[in-house]
Amino acid sequence: MKKYTNHSGGAIGSDTVWGEIGIKYGVENKHYWYKNKTPNGNTEILEEDAIEGQKKVTIAARQMGRIAQTHQVRDERLIRNWCQVKYSDSIFAITTMLSVGDEMNYGKKALIRQGKGGTGYAIQMAINENKPVFVYDQVRKGWFKNINGLWSKSEIPILSINFSGIGT
């Protein structure tokens with residue numbers, strides 16, 4: 001049997017729970033961190049990945065309407081999310097999905113359908129990289145998938161060998 005690997009941020013919440021459950025089944029956890037170690041961080045990211053991640057998360061933030069087109073993302077936690085996406089084959093997230101026009105922080109409105117909070121950045125970067133994304137929406141109480149840029153309802157997904165388990 002092939003060994004499963006979970007690529008996560010190691011933050012308190014879903015990241016931690018994905019890791020704890022995974023350990024029970026022999027899943028290897030790579031909890032990425034950059035500059036400031038997360039509570040369960042065990043894999044520091046390379047500077048090259050941080051530079052690449054800063055560009056990727058900035059693109060995602062602009063697409064979602066979270067920052068102005070002239071702004072850059074500098075948050076280390078969001079930059080490290082790039083490694084969750086880069087090194088996994090598919091993304092499995094627990095969050096609340098926002099629809100176009102939904103209110104976000106600071107009076108901004110969602111430009112596209114997206115995950116709430118920091119999880120949304122990883123979801124959007126994965127979509128940009130054409131990776132399968134599965135989201136359990138906490139409000140709608142069901143699974144949704146994004147394959148090739150299109151959202152649809154989903155059955156309970158099956159983990160890939162090299163996955164990213166993330167969420168709120």
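None of the values given here were measured: they were computed from a predicted structure.
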Please report the interatomic distance [atom1]([X]) to [atom2]([Y]), rounded to the nearest 0.5 Å.
X: I23; Y: E28; atom1: CD1; atom2: CD; answer: 11.0 Å
X: K108; Y: I67; atom1: NZ; atom2: CD1; answer: 7.5 Å
X: Y87; Y: H7; atom1: OH; atom2: NE2; answer: 9.5 Å
X: K56; Y: M125; atom1: NZ; atom2: CE; answer: 9.5 Å

Atom [atom1] of residue position [X] - does it have more than 12 heavy atoms of other residues, nucleotides or ligands inside 6.0 Å?
X: L46; atom1: CG; answer: yes
X: K30; atom1: NZ; answer: no
X: I158; atom1: CD1; answer: no
X: R77; atom1: CZ; answer: no

Using distance alone, with no hydrogens and no angle criterion, decide if Q124 and Q114 have a side-chain donor and acceptor under 3.5 Å apart.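 Per modelled atom types, Q124 and Q114 side chains form no pair under 3.5 Å.
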
Any donor-acceptor pair under 3.5 Å linking the side-chain atoms of S88 with those of N162?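 N162 vs S88: no donor-acceptor pair found between side chains.
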
Do I12 and I94 share a hydrophobic cluster, counting only Ile, Leu, Val, Met, Phe, Trp and Tyr and linking them when any side-chain heavy atoms are less than 4.5 Å apart?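 No; I94 is not reachable from I12 via cluster members.
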
Let me check something: do I112 and V85 share a hydrophobic cluster, defined by ILVMFWY side-chain heavy atoms less than 4.5 Å apart, either directly or through other members?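 Linked within one cluster.
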
Would you find a donor on one side and an acceptor on the other, under 3.5 Å apart, between the side chain of [X] and the backbone of [Y]?
X: R66; Y: G117; result: yes
X: R140; Y: M97; result: yes
X: T38; Y: W33; result: no
X: N42; Y: H31; result: yes
X: R80; Y: G53; result: no
X: D15; Y: S8; result: no

[X] side chain near [Y] side chain, heavy-atom distance below 4.5 Å:
X: D49; Y: Y32; value: no
X: T96; Y: D137; value: yes
X: Y136; Y: T95; value: no
X: L159; Y: Y4; value: yes
X: S90; Y: K131; value: no
X: F163; Y: T5; value: no

Is the positively charged end of R113 above the ring of F144, judged by distance under 6.0 angstrom from the centroid and angle within 45° of the axis?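 Judged by the rule, R113 and F144 form a cation-pi pair.
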
Using the side chain to side chain contact (heavy atoms under 4.5 Å, CB included) rule, take I91 and F134 through it: C-alpha gap first, then chi angles, then the decisive distance, then the call. CA-CA 6 Å; I91 293 14; F134 298 89; over 6 Å; no

Would you please classify the geometry between the F92 ring and the W143 ring as parallel, tilted or perpendicular, with 30° and 60° separating the classes?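 Perpendicular, since the angle between the ring planes exceeds 60°.
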
Would Q54 and Y34 count as a side chain to side chain contact (heavy atoms under 4.5 Å, CB included) if you check the C-alpha gap in whole Å, the side-chain angles of each, and the deciding distance to 0.1 Å? CA-CA 11 Å; Q54 195 271 334; Y34 177 61; over 6 Å; no

